[in-house]
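Let me begin by presenting the structure, written as structure tokens, before commenting on it.
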Amino acid sequence: MPISPAYSWSETATTVTVTAECRGASREKTDTFSSPHYVSANAPPYFLELDLHGAIDSTRSVATVRQGAVVL
């Protein structure tokens with residue numbers, strides 16, 4: 001069963017950043033997805049999905065995995 005990770009959210013006029021705390025996450029085992037109104041991160045056993053209030057440009061979305069966190 002997936003675990004919902006703790007996450008933080010920040011935004012400016014041009015960017016939205018979501019940081020999910022996924023202890024033990026690795027680049028090889030992490031899958032992320034974004035669309036204009038939805039983002040998700042799957043870093044087993046953690047799974048986070050968020051419906052977004054406003055639209056984002058999913059073609060410019062970037063995800064990184066570093067020190068136990070997935071940053072979208």
Tabulate below the donor-acceptor pairs under 3.5 Å that side-chain atoms of residues 32-47 make, not counting sequence neighbours, or state none.
residue: S34; atom: OG; partner: S61; partner atom: OG; Å: 3.2
residue: Y38; atom: OH; partner: E49; partner atom: OE1; Å: 2.7

Only pairs under 3.5 Å count here: list side-chain donor-acceptor contacts from residues 6-13, not counting sequence neighbours, and write none if there are none.
residue: W9; atom: NE1; partner: E11; partner atom: OE2; Å: 3.0
residue: T12; atom: OG1; partner: T14; partner atom: N; Å: 3.2
residue: T12; atom: OG1; partner: T15; partner atom: N; Å: 3.1
residue: T12; atom: OG1; partner: T15; partner atom: OG1; Å: 3.0

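Residues R27 and V65 come closest through the heavy atom pair NE-O, 3.8 Å.
Once rounded to the nearest 0.5 Å, the distance linking CG of L72 with CG of L48 reads 7.5 Å.
A single hydrophobic cluster is seen to contain both V18 and I56, as judged by linkage of ILVMFWY side chains at heavy-atom distances under 4.5 Å, directly or through other members.
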